[in-house]
Amino acid sequence: MNHRLPPWLAQNTVAIRVVLLLTLLVGLAYPLVMTAAAQVPGLRGKAEGSRVTGADGKDAGSSLIGQSFTDSKGKPIKKYFQSRPSNAGTGYDGAASAAGNQGPESVVDAKDKPSLLTLVCGRSKAVGDLEGVDGARRFCTPDGVGAVLGVFREDGTTGRVTRVVSLNQACPAKPFVATYKGVDVECAKSGADYGRANTVPVRGDGPANPKVPADAVTASASGLDPHISPAYAKLQTARVARERNADESAVRKLISKYTTGRSLGVLGEPGVNVVLLNIALDREHPAPKSSSSKPSQASKSSQQGA
Amino acid sequence: MAAWIQASLVLAVVVGLHVPLGDYMARVLDGGRHWRAEKAVYRVCGIAPDKEQSWRHYLTALLAFTVMSIAALFALFSLQDKLPWSTGHEGMPWRLALHTAVSFTTNTSWQNYAGESTTGHLAVMAGLGVQAFASAAVGICVALVLIRGLTRRSTEDLGNFWVDLLRTIFRVLVPIAVVGGLILMAGGVIQSLGGGHTVDTVAGAKQTLLDGPVASWEPVKLFSGDGGGVFNASSAHPFENPTAWTNAFEIVLMLLVPMACIRMFGRLIGSLKQSWTLLTVVGILFGLLLAAGSFAQSAHTGTVTEAIGGPHEGTETRIGVPGSTLFGVAATGSADGAANSAYDSFSSLGGGVLLSAMMLGEVAPGGTGSGLYGLIVVVLVAVFVGGLMVGRTPEYLRKRIGYAEMRWVVSYALIPPTVILVCTGFALATGNGQSSMGNPGAHGLTELIYAYTSNTNSNGSSMAGFNGATDFHNQLMVCAMLAGRYLPMACVLALAGRLAKQQPGVVTVGTLRAQGPNFVVLATAASVILALLNFLPALSLGAVADGLL
């Protein structure tokens with residue numbers, strides 16, 4: 001029948017049939033065959049999401065998908081190793097993977113969105129306070145925001161300095177430096193427009209190798225990273241052992257059990273699986289009841305009352 | 001140190017595997033007998049498999065297939081909620097449905113939506129999945145036609161589009177997908193068609209874990225040059241890329257087919273020296289990009305990067321910064337556009353390297369098939385310039401490269417930069433560029449240029465802080481993708497038509513030999529200089545200003 005149609009029309013009828021046929025073969029048959037192959041023992045558990053059971057024997061998630069170990073107010077639960085910061089939903093939302101997508105020069109806080117620098121500084125201070133180490137970093141103020149000055153100059157970008165504002169320190173905060181080039185530094189007034197100021201990040205005297213590791217102050221690309229660096233696990237060991245009345249050496253042993261090195265010795269980076277580690281801790285070194293900050297049914301209902 | 005061993009290992013595996021795969025592709029894609037199952041398919045579809053087409057008819061068939069593909073995808077996405085396996089997702093609004101349909105048909109796979117909250121299983125399998133196979137095959141079809149144009153004499157016949165398309169899918173792409181899918185499944189990539197389930201986490205909160213046909217999709221999105229994800233986080237999501245070794249394997253999958261196309265070229269023209277020459281050019285370009293990217297990432301440029309102690313924001317612990325950089329360069333160099341990290345949070349110059357990899361015109365090693373024909377175009381430029389320098393008629397594989405041929409070559413080279421810069425300028429002039437930027441200042445401009453470079457060059461990766469999900473960008477990106485994909489393809493087909501009609505010339509001592517170190521330098525330089533001439537001003541205002549000011 002095709003030979004009677006003009007070529008351009010004949011091609012279209014072929015095209016429709018090819019699209020339909022491909023839909024059936026590679027669009028449906030191929031993924032269904034692969035799903036059938038996934039039922040083979042050995043593959044099945046992985047194909048279904050590498051599920052793990054908690055210390056109570058119930059389904060507790062997946063060994064591949066990270067979790068938050070915080071209470072309902074977002075505060076770290078001290079008996080657990082903490083995961084990295086997350087941008088997936090409100091944190092480790094398995095149905096909303098996402099990165100922060102802020103760039104390396106994201107240094108000035110917007111009204112409704114802190115800059116990446118302030119996020120990093122704030123996390124570093126919080127982790128430092130929690131673990132009892134110095135959370136100081138370069139370009140960070142002591143109160144944990146980005147140390148960035150807005151410098152007004154006589155001729156816009158050049159000339160004498162006329163006014164200086166610490167852009168990320170909202171009043172009444174005390175600016176992290178008193179003066180800049182002889183001009184008193186002000187705190188930032190809410191609602192003021194500092195758009196004409198020149199942005200000057202101040203490095204400060206923070207350490208080149210901060211006590212709080214890089215992965216503890218940065219979010220992952222998926223927001224679901226199940227791992228932390230061995231350095232961050234080490235930093236948390238003393239606190240977790242204390243909360244569980246356990247030997248630090250016993251906790252360290254579990255850490256090394258759930259540390260994956262580089263594949264083949266060279267691929268990727270070593271990481272400690274926080275989900276598996278915390279489940280193992282609950283199983284082998286359960287925390288004493290009194291210090292448990294896990295939200296129980298009772299505490300939940302009392303919060304509702306308040 | 002581990003970083004360089006990792007990169008060397010991955011590249012060694014790619015170079016090792018591209019030889020048998022390229023030889024196999026040369027054997028089964030051009031000529032030879034039809035399989036019995038294929039004959040049945042041809043009968044059902046009304047294809048006359050032994051009737052060859054002129055370049056015009058080939059282009060007509062290709063465009064007919066494209067139009068029907070876009071229509072089918074558009075219907076599938078718009079009517080998703082009325083079809084089975086939508087897993088509760090709504091139909092897409094029409095602009096988004098059109099953008100997504102064009103995006104996956106053109107092998108771009110830029111997504112103005114988050115996968116897990118928008119597409120159900122059917123849309124992934126029968127929508128994105130079909131076009132991932134098909135769009136990759138279309139690229140290889142066009143490359144095959146150009147090869148035939150170079151090898152055939154005094155003819156208009158350049159092959160049959162339908163046969164090329166279906167053979168590429170059935171004989172090459174499906175087998176790689178099955179093997180790749182099984183390997184990834186063994187690494188932990190999920191393949192389940194349920195609707196997800198909610199669990200109580202260790203700390204007593206709720207967490208939803210999704211299901212999806214991911215292991216069947218993952219290898220296809222990687223080797224096809226597609227790159228979009230089932231999940232918003234693409235190959236950073238632990239269900240798509242669970243371990244460090246799956247990460248390395250995924251990089252291999254991205255680079256393998258484009259490299260094998262180069263080998264196939266050498267086999268089909270009967271000169272493996274030619275394919276090694278091209279591979280050397282690709283190797284140098286890729287090596288330069290990787291070295292520049294790694295240096296930019298480790299040199300701690302940028303305020304926040306220094307505060308952190310490295311570009312760790314937006315990278316996964318198991319993969320690390322080196323694994324993310326290697327993946328990023330492979331994904332942008334191969335027109336794939338997958339991401340295992342947040343490219344927006346790379347160091348400024350590191351992000352600039354990814355942008356440059358696309359601006360080279362996707363030739364290092366470029367997309368599936370499109371990388372090869374892009375590379376041959378670069379070679380023709382080099383042959384032409386080189387021929388003029390030594391005062392001889394430019395020839396390549398005994399075909400004269402004269403005015404008529406160069407007209408198509410130059411058009412090919414100028415279309416993508418024109419589309420990118422005009423679209424970027426238009427977005428800025430109307431204010432729609434600025435309002436979609438996710439970061440202030442020069443970095444925001446980089447995001448915008450990145451977006452249109454990615455759309456025009458069929459890459460699909462993004463600096464995801466940029467918000468493309470507006471009516472303006474959905475529509476402008478559709479124009480950029482269509483123009484950036486099919487105008488260059490039409491140039492290549494027309495060029496092939498002219499070349500095939502020629503009588504063979506005679507190789508004399510005066511002919512510029514298109515191989516050896518001299519020619520490698522000439523071709524590499526041609527590629528870099530073309531890109532610099534087109535894009536240096538835009539790069540300076542974006543990534544370079546961001547990194548150095």
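Order of the sequence lines sets the chain letters (A, B, ...), proteins ahead of strands, with each chain counted from 1. Since this is a predicted model, take the numbers as computed values, not measurements.
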Which bit of A/F139 is near chain B, if near means a heavy-atom gap under 4.5 Å: side chain, backbone, both or neither? side chain

Let me know if B/V178 has heavy atoms under 4.5 Å from chain A in its side chain, its backbone, both or neither. both

Would you say that A/K58 contacts B/D200 through its side chain, given a criterion of any heavy-atom pair below 4.5 Å between the two side chains? no

Shortest non-hydrogen separation from B/A61 to A/Q11 and the atoms involved: CB-OE1, 3.6 Å

Please classify the contact of A/N209 with chain B as side chain, backbone, both or neither, using a heavy-atom distance under 4.5 Å. neither

Short question: side chain of A/E105, backbone of B/V304 - any donor-acceptor pair under 3.5 Å? no

Can you say whether A/A99 sits under 4.5 Å from chain B via the side chain, the backbone, both, or neither, judging by heavy atoms? side chain

Do B/H237 and A/I65 have side chains that get closer than 4.5 Å, going by heavy atoms? yes

Partner chain A: residue of B/P242, B/G438, B/G465 with the largest heavy-atom pair count (under 4.5 Å): B/G465

So, the part of A/L264 with a heavy atom under 4.5 Å from chain B: the answer is side chain

For the atom pair CG (A/N101) and CG (B/N467), what is the distance rounded to the nearest 0.5 Å? 11.0 Å

Is B/Q191 reaching over with its side chain to a backbone N or O of A/M34, donor-acceptor style, under 3.5 angstrom? no

When heavy-atom pairs shorter than 4.5 Å are enumerated against chain B, which of A/V217, A/V266, A/V272, A/V52 gives the highest number? A/V266

Residue part contacting chain B, namely of A/T199, when any heavy atom lies under 4.5 Å: neither

Hey, does B/M68 have a side-chain heavy atom less than 4.5 Å from the side chain of A/N12? yes

In terms of heavy-atom proximity below 4.5 Å to chain B, should A/P270 be classed as side chain, backbone, both, or neither? backbone

Side chain to side chain contact (heavy atoms under 4.5 Å, CB included) for B/L193 and A/L32? Distances and angles first, verdict last. CA-CA 9 Å; B/L193 298 176; A/L32 293 179; 3.7 Å; yes

Can you tell me which of B/F231, B/W162, B/F346 forms the most heavy-atom pairs within a distance under 4.5 Å of chain A? B/W162

Contact origin within A/L24 toward chain B - heavy atom pairs under 4.5 Å: neither

Heavy-atom pair of closest approach, residues A/A221 and B/A342: CB-N, 3.7 Å

Quick one: which of B/A2, B/G187, B/P238 has the most heavy-atom pairs under 4.5 Å with chain A, could you say? B/P238

Go through the steps for B/L9 and A/L267 under the test side chain to side chain contact (heavy atoms under 4.5 Å, CB included), then give the verdict. CA-CA 9 Å; B/L9 189 67; A/L267 303 177; 4.2 Å; yes

Can you tell which of A/C140, A/G146, A/G49 has the highest number of heavy-atom pairs within less than 4.5 Å of chain B? A/G49

So, the part of A/V26 with a heavy atom under 4.5 Å from chain B: the answer is both

Let me confirm one number: the NZ-OG distance from A/K46 to B/S192, rounded to the nearest 0.5 Å. 15.0 Å

Do you know which of B/G323, B/A307, B/G129 has the most heavy-atom pairs with chain A at a distance under 4.5 angstrom? B/A307

Show the numbers, then the answer: is there a side-chain hydrogen bond (donor to acceptor under 3.5 Å, both in side chains) between A/S222 and B/E316? CA-CA 7 Å; A/S222 63; B/E316 302 282 306; 2.9 Å; yes

If you tally heavy-atom pairs under 4.5 Å against chain A, which of B/N232, B/V189, B/T303, B/V67 wins? B/T303

Polar side-chain atom of B/T208 near backbone of A/G94 as donor-acceptor pair, under 3.5 Å: no

Would you name the heavy atoms of A/A60 and B/V199 that are closest together and state the gap between them? C-CG2, 4.1 Å

How long is the span from the CG atom in B/L173 to the OH atom in A/Y30, to the nearest 0.5 Å? 10.5 Å

Name the region of A/S106, side chain, backbone, both or neither, that has any atom closer than 4.5 Å to a heavy atom of chain B. both

Just by distance, do the side chain of B/E116 and the backbone of A/S97 share a donor-acceptor pair under 3.5 Å? yes

Is any side-chain heavy atom of B/Q207 less than 4.5 Å from a side-chain heavy atom of A/S68? no

Among A/L116, A/V120, A/D215, A/T260, the residue with the most heavy-atom pairs under 4.5 Å to chain B is A/L116

Applying side-chain contact (heavy atoms from CB on, under 4.5 Å) between B/C45 and each of A/I16, A/L21, A/L22, A/T13, report the one that passes. A/L21

Between B/T317 and A/Y232, is the side chain to side chain contact (heavy atoms under 4.5 Å, CB included) condition met? List the steps. CA-CA 11 Å; B/T317 304; A/Y232 189 28; over 6 Å; no

Using a 3.5 Å distance criterion without hydrogens, assess whether the side chain of B/R318 forms a donor-acceptor pair with backbone atoms of A/G268. no

Got a second to check how far B/Q6's CD is from A/R262's CZ, nearest 0.5 Å? 8.5 Å

A/Y92 vs B/T201 side-chain heavy atoms within contact, under 4.5 Å: no

A/R44 versus chain B, the contacting section by heavy-atom distance below 4.5 Å: neither

Any idea which of A/V148, A/D93, A/L117, A/N87 has the most non-hydrogen atom pairs under 4.5 angstrom with chain B? A/L117

Where on A/L20 is there a heavy atom nearer than 4.5 Å to chain B: the side chain, the backbone, both, or neither? neither

Could you measure the distance from the CE atom of B/M125 to the CG atom of A/L28? Nearest 0.5 Å is fine. 6.0 Å

Counting heavy-atom pairs closer than 4.5 Å to chain B, which one of A/V275, A/V107, A/V212, A/L224 comes out on top? A/L224

A/D59 and B/H197: side chain to side chain contact (heavy atoms under 4.5 Å, CB included), yes or no, with the steps? CA-CA 10 Å; A/D59 196 350; B/H197 64 289; 3.9 Å; yes

Rounded at 0.5 Å granularity, tell me how far CD in B/E313 sits from OG in A/S220. 8.5 Å

If you define the side chain from C-beta out and look only at heavy atoms, does anything of A/T23 sit under 4.5 Å from B/L76? no

For B/L209 and A/S62, work out which heavy atoms get closest and say how close. CD1-N, 3.8 Å

Side chain, backbone, both or neither of A/A96 within contact of chain B (heavy atoms, under 4.5 Å): backbone

Tell me, out of B/V321, B/L210, B/T315, B/V44, who's got the most heavy-atom pairs with chain A below 4.5 Å. B/T315

Sidechain-backbone polar pair: B/N439 side chain, A/P104 backbone, donor-acceptor under 3.5 Å: no

Applying a strict 4.5 Å limit to non-hydrogen atoms, the region of A/K113 in contact with chain B is side chain

Scored by heavy-atom pairs under 4.5 Å with chain B, the best of A/R138, A/Q39, A/E48 is A/R138

Nearest heavy-atom contact between B/H312 and A/A214 is CD2-CB, 3.5 Å

